[in-house]
Number of protein chains: 2
Amino acid sequence: MNSSPRRGRRAGSPDVRAQILAVARERFRREGYEAVTMRSLAADAGVDAALISYYFGSKRGLFAAVLELALNPADVLASLLEGELESLPQRAIRVLVAGWDRPEIGLPLLTAVRAAAADPELATLIRGGLQREMVDRLADRLSGADARHRAGAFVGQLGGLVFTRYLLAVEPLASMTVDEIVRALGPALRTTLFGPVGGHARRPDADGGCPAVRR
Amino acid sequence: MNSSPRRGRRAGSPDVRAQILAVARERFRREGYEAVTMRSLAADAGVDAALISYYFGSKRGLFAAVLELALNPADVLASLLEGELESLPQRAIRVLVAGWDRPEIGLPLLTAVRAAAADPELATLIRGGLQREMVDRLADRLSGADARHRAGAFVGQLGGLVFTRYLLAVEPLASMTVDEIVRALGPALRTTLFGPVGGHARRPDADGGCPAVRR
DNA sequence: ACGGTTGTTCAACCGTGATGAATTCTTCGC
DNA sequence: GCGAAGAATTCATCACGGTTGAACAACCGT
């Protein structure tokens with residue numbers, strides 16, 4: 001029995017940090033946040049579990065590091081906003097659904113949202129990204145005093161699609177085709193951006209386009 | 001068949017099950033799902049921790065039991081749908097925001113949604129409730145071939161409000177007043193129910209009221 | 001009085017993320 | 001070259017999580 005204490009620093013320059021990151025990225029998106037345990041992940045990466053804490057501080061730190069790699073749809077958003085504003089509603093729906101319907105894109109995003117739902121700090125990460133990359137950019141392209149409000153409502157409706165179709169999978173939204181979703185949700189998004197009538201100029205009146213209701 | 005189902009020990013201490021349920025209900029909504037540990041909860045209720053597993057099978061079972069008590073907005077929904085359909089969009093927004101803005105109502109709901117985001121079985125619970133109590137009922141009151149699709153989109157948009165404003169707290173939605181939300185989101189909800197123009201009859205055309213876009 | 005059923009307690013099990021000391025390698029001043 | 005500083009790696013261990021099973025106590029019908 002060789003009592004060879006294989007302890008201590010390994011020779012050469014094996015980039016263990018990147019190794020952990022790669023394995024974690026894969027397993028997190030397949031199995032979600034909680035299902036992946038630090039020990040199993042360490043074993044999977046051929047690494048001691050304590051190294052994860054060493055490099056990333058905590059399990060959450062590792063997850064956040066993975067997120068910052070995977071969560072980079074800034075370019076997608078940019079290209080969306082480059083197009084004509086007129087067709088943004090349906091383009092946004094199509095791009096969003098097309099992305100989230102592909103497992104290799106949708107699963108990591110879903111994992112991220114799930115984790116953010118449970119962990120306030122991760123929620124801050126997502127929230128910041130949404131505000132910076134979506135709300136603010138969209139608001140810049142809109143006009144009118146309530147541009148930011150309308151941008152917020154627009155993002156909120158897209159968020160509703162994510163929440164209802166992908167996170168909770170509520171029917172019928174979960175099973176509808178892209179075209180059906182565009183048909184059912186497109187006009188509403190369009191109304192949010194441009195007002196109830198379809199033209200550009202008209203602003204919604206105080207009652208939100210609905211007749212008064214006694215309360 | 002044994003005709004005497006009531007055998008065995010008659011609870012010496014007054015209804016421990018209800019006691020656990022009451023304490024759990026309170027602590028879950030204050031501290032969330034994960035933060036509440038079975039031992040601390042048991043100690044809080046003056047009960048052995050194993051009794052929770054005994055009565056509810058697991059911590060999740062206890063949470064589900066709490067949910068079925070707290071999550072009973074069926075009557076709220078019913079009263080919403082009893083009113084005129086015309087004003088449903090803004091009434092729905094007002095009722096939803098008014099409820100979720102009150103901590104004693106919003107916090108338990110938020111806890112439920114948070115837990116459902118992490119736990120597929122709890123998600124099934126929420127999903128079923130949403131479909132049964134909201135989508136199906138609303139679809140029954142709508143007409144047209146795509147009534148169910150429009151009902152789904154409507155619920156999805158309300159879900160977006162919950163997701164964006166309460167779960168992630170994305171600005172500006174998180175800080176907007178009820179009136180501002182009604183103004184920004186009301187027309188869109190109205191469009192979802194009744195079509196783009198504001199009248200009843202017109203159905204959205206195939207491109208969702210948006211000009212064609214090359215893909 | 002008895003046997004079966006139900007409620008309650010206690011002690012342990014196993015797995016989780018995290019920490020600190022011990023050990024080995026790399027790097028750099030001299 | 002050399003030896004000290006520091007970085008990387010392992011191991012043992014901690015505190016805590018939910019859950020389980022064996023024992024015991026109270027109660028029931030017969």
Side-chain angles (χ1 to χ4, degrees), chain A residues 1-24 27-28 31-66 111 114-115 118-122, chain B residues 1-24 27-28 31-66 111 114-115 118-122:
Chain A
M1 178 212 61
N2 186 357
S3 67
S4 68
R6 300 282 291 155
R7 273 161 93 157
R9 181 171 186 159
R10 286 286 157 88
S13 59
D15 198 349
V16 174
R17 203 189 123 102
Q19 169 77 2
I20 295 176
L21 216 47
V23 174
R27 304 234 1 225
F28 273 143
E31 310 167 31
Y33 181 70
E34 314 220 343
V36 173
T37 130
M38 295 180 74
R39 290 187 227 266
S40 85
L41 191 141
D44 203 349
V47 164
D48 191 281
L51 277 184
I52 299 178
S53 297
Y54 179 73
Y55 280 116
F56 302 95
S58 64
K59 184 185 182 184
R60 205 168 55 191
L62 170 61
F63 189 77
V66 168
T111 302
R114 284 211 164 103
D119 189 320
E121 292 204 26
L122 293 176
Chain B
M1 298 309 162
N2 195 343
S3 60
S4 57
R6 314 271 186 172
R7 286 180 72 164
R9 175 176 186 163
R10 292 300 199 168
S13 54
D15 209 351
V16 174
R17 203 190 124 101
Q19 169 77 2
I20 295 176
L21 217 46
V23 174
R27 305 234 2 225
F28 273 142
E31 310 168 31
Y33 180 70
E34 314 220 341
V36 174
T37 122
M38 295 182 75
R39 291 188 226 264
S40 85
L41 190 141
D44 203 350
V47 164
D48 191 283
L51 276 183
I52 299 178
S53 296
Y54 179 73
Y55 279 117
F56 302 95
S58 64
K59 183 185 183 184
R60 205 169 55 190
L62 169 63
F63 189 76
V66 169
T111 302
R114 285 211 163 103
D119 189 320
E121 291 203 29
L122 293 177

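Each chain gets a letter, A, B and so on, in the order its sequence line appears, and its residues count up from 1.
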Engineer: Within this structure, what is the CZ-to-C1' distance between B:R17 and C:dT8, rounded to whole angstrom?
Structural biologist: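 Value for this atom pair: 16 Å.
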Engineer: Once each nucleotide of nucleotides 12-19 of chain D is scored for protein heavy atoms under 4.0 Å, what B/S/- sequence comes out, 5' to 3'?
Structural biologist: -----BBB
Engineer: What is the distance, to the nearest angstrom, from the CZ atom on A:F63 to the C1' atom on C:dG17?
Structural biologist: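 Rounded to the whole Å, the gap is 16 Å.
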Engineer: Quick one: ring pair (Phe, Tyr, Trp, His ring centres under 6.0 Å) partners of A:Y33, sequence neighbours excluded?
Structural biologist: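 For A:Y33, the residues satisfying ring pair (Phe, Tyr, Trp, His ring centres under 6.0 Å) (neighbours in sequence not counted) are A:F28, A:F63.
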Engineer: Is there a Watson-Crick or G-U wobble partner for D:dT30 with both distances under 3.5 Å, and if so, which one is it?
Structural biologist: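 Looking at the geometry, D:dT30 pairs with C:dA1.
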Engineer: Just call it for A:Y55: base, sugar-phosphate, or nothing, with non-hydrogen atoms closer than 4.0 Å on any strand.
Structural biologist: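 The answer is sugar-phosphate, as A:Y55 gets under 4.0 Å only of primed atoms, P, OP1 or OP2.
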Engineer: What residues form a salt bridge (charged side-chain N to carboxylate O under 4.0 Å, His left out) with A:E34, not counting sequence neighbours?
Structural biologist: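 Listed in chain order: nothing, the list is empty.
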Engineer: Write down the distance between CG (A:L51) and C1' (C:dG17), rounded to a whole number of angstrom.
Structural biologist: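 So the two atoms are 15 Å apart, to the nearest Å.
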Engineer: Can you pull the salt bridge (Lys or Arg N to Asp or Glu O under 4.0 Å) pairs that have at least one residue in residues 36-52 of chain A, sequence neighbours excluded?
Structural biologist: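 Sorted result for residues 36-52 of chain A: A:R27-A:D44.
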Engineer: Categorize B:V47 for me: base, sugar-phosphate, or nothing, with a 4.0 angstrom heavy-atom threshold over every strand shown.
Structural biologist: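 Touches nothing.
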Engineer: May I have the distance from A:L62 (atom CG) to C:dA18 (atom P), rounded to whole angstrom?
Structural biologist: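 It works out to 10 Å between those atoms.
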Engineer: To the nearest Å, give me how far apart CZ (B:F56) and P (D:dT20) are.
Structural biologist: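 Computing the B:F56:CZ to D:dT20:P distance gives 16 Å.
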Engineer: Checking side chain to side chain contact (heavy atoms under 4.5 Å, CB included) for the pair A:L122/A:R60: CA distance, chi angles, key distance, verdict?
Structural biologist: CA-CA 8 Å; A:L122 293 176; A:R60 205 168 55 191; 4.2 Å; yes
Engineer: Atom CD1 of B:I52 and atom C1' of C:dG7: how far apart are they, to the nearest Å?
Structural biologist: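 It is 15 Å, rounded to the nearest whole Å.
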Engineer: Does the side chain of B:Y54 get closer than 4.0 angstrom to OP1 or OP2 of C:dG7 through an N or O atom?
Structural biologist: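 Checking B:Y54 against C:dG7: at least one side-chain N or O falls below 4.0 Å of OP1 or OP2.
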Engineer: Taking only residues two or more places apart in sequence or in another chain, which ones pass side chain to side chain contact (heavy atoms under 4.5 Å, CB included) with A:Y55?
Structural biologist: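 Side chain to side chain contact (heavy atoms under 4.5 Å, CB included) check on A:Y55 returns A:V16, A:R17, A:I20, A:L51.
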Engineer: For A:Q19, enumerate each residue passing the side chain to side chain contact (heavy atoms under 4.5 Å, CB included) test, keeping only those at least two apart in sequence or located in another chain.
Structural biologist: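 So A:Q19 forms a side chain to side chain contact (heavy atoms under 4.5 Å, CB included) with A:V23, A:A45.
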